[in-house]
Amino acid sequence: MHLHVADHPLINHKLTVLRDRQTPSATFRQLVDELVTLLAYEATRQVSVTETAINTPVAPTVGRKLSEPRPIVVPVLRAGLGMLEGMTRLLPTAEVGFLGMRRDDDTLEIETYANRLPDDLSGRQCFILDPMLATGHTMVAATNYLFERGAKDVTCVCLLAAPEGLAVLEKAVGDRGDVNVVVAAVDDHLNEKSYIVPGLGDAGDRLYGIVD
């Protein structure tokens, strides 16, 4: 597993505003969108391309286009939806799949309640979107879901990660595939409720409001 912390002044600025408890939902959503576009630039550095011959208005040349099969972007519902537009802004030709996962607050076990993915992901570059890599359980479950369908090249794009979650993911991945994690920051630790500290709170609630 490879970890990339995208250290950039604009990323740090936007993340600081996201962390502020006074930031309203509308501003939070806009900043997540902008921040993910910056993270997507880093996350797609190794995206597969193929050389192709073209003619410019001046002369023939050889350029590069995204290879087939197209990459697939997989937001984890519900909070991952807030990251989707920022990611597809840089990868507009990518396909989009969905994984619905929720954590039992008592057992911390992950339940998959919905999926919209191809049965065969062999040869596909996959990008998982989930704002918080906290305990790592959701990302492990999502990564396993893709591995079971033949994926070998998976990039996890998150706003924040905790050291505990990164360790859990790295152990779970092992040598089964090439997994990259791109984050805006790695925070200090998890608290007793498995929230990232200092974190930014519940990303889903801050994006969309509290749903009982």
Side-chain angles (χ1 to χ4, degrees), residues 4-44 47 71-103 105 110 112-117 126-139 141-142 154-162 165 180-188 190-191 193-212:
H4 178 75
V5 180
D7 186 17
H8 187 283
L10 288 178
I11 290 176
N12 294 334
H13 166 76
K14 294 177 189 299
L15 183 57
T16 298
V17 181
L18 282 181
R19 291 186 189 274
D20 191 338
R21 65 188 300 173
Q22 301 299 324
T23 299
S25 288
T27 303
F28 192 92
R29 285 194 295 270
Q30 179 181 343
L31 286 171
V32 167
D33 178 77
E34 295 171 359
L35 184 54
V36 172
T37 297
L38 295 174
L39 293 177
Y41 183 81
E42 299 296 334
T44 55
V47 70
I72 185 165
V73 177
V74 184
V76 177
L77 306 178
R78 70 177 166 141
L81 281 178
M83 304 172 69
L84 179 58
E85 187 171 346
M87 187 72 188
T88 55
R89 184 174 292 114
L90 283 194
L91 276 179
T93 61
E95 291 187 330
V96 178
F98 297 93
L99 273 178
M101 293 182 163
R102 56 178 161 235
R103 184 182 69 178
D105 290 334
I110 303 301
T112 301
Y113 63 87
N115 95 82
R116 187 69 175 176
L117 290 171
C126 304
F127 296 87
I128 302 174
L129 308 181
D130 198 9
M132 314 296 280
L133 203 169
T135 65
H137 297 160
T138 298
M139 195 59 76
V154 177
T155 298
C156 310
V157 182
C158 308
L159 303 181
L160 294 178
N180 297 287
V181 180
V182 177
V183 299
V186 176
D187 276 6
D188 189 65
L190 297 178
N191 66 14
K193 295 183 178 179
S194 296
Y195 277 86
I196 297 176
V197 179
L200 50 77
D202 187 298
D205 288 348
R206 296 196 66 188
L207 280 164
Y208 303 118
I210 297 173
V211 179
D212 294 329

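Just so it is clear, the values below take in all heavy atoms, side chains as well, and ignore hydrogens, waters and symmetry mates.
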Kindly indicate whether the side chain of [X], heavy atoms from C-beta on, has any atom under 4.5 Å from the side chain of [Y].
X      : Y      : result
Leu190 : Ile196 : yes
Val32  : Leu18  : yes
Ile128 : Met139 : yes
Val182 : Thr155 : yes
Asn12  : Asp7   : yes
Leu81  : Val76  : no
Asn180 : Val154 : no
Ile72  : Leu117 : yes

To the nearest 0.5 Å, how far apart are OG in Ser194 and CE in Met132?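 Between Ser194 OG and Met132 CE, I get 12.0 Å after rounding to 0.5 Å.
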Give a yes or no on whether the backbone of [Y] and the side-chain of [X] come within a donor-acceptor separation of less than 3.5 Å.
X      : Y      : value
Thr23  : Phe28  : no
Tyr41  : Leu90  : no
Asp33  : Gly86  : yes
Arg206 : Leu200 : yes

Per the salt bridge (charged side-chain N to carboxylate O under 4.0 Å, His left out) rule, what does the pair list look like for residues 10-27, sequence neighbours excluded?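 For residues 10-27, and leaving out neighbouring residues, the salt bridge (charged side-chain N to carboxylate O under 4.0 Å, His left out) pairs sorted by first residue read Lys14-Glu34, Arg19-Asp187.
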Under the side chain to side chain contact (heavy atoms under 4.5 Å, CB included) criterion, do Leu159 and Val36 qualify, and how do the steps go? CA-CA 8 Å; Leu159 303 181; Val36 172; 4.1 Å; yes
Residues that Val96 engages under side-chain contact (heavy atoms from CB on, under 4.5 Å), provided they are two or more places apart: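 With neighbours one apart ignored, the set is Pro75, Leu84, Thr88, Phe98.
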Could you pull out all residues at least two apart from Asp202 that satisfy side-chain contact (heavy atoms from CB on, under 4.5 Å)?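 Per chain and number, Asp202 pairs via side-chain contact (heavy atoms from CB on, under 4.5 Å) with Tyr195, Asp205.
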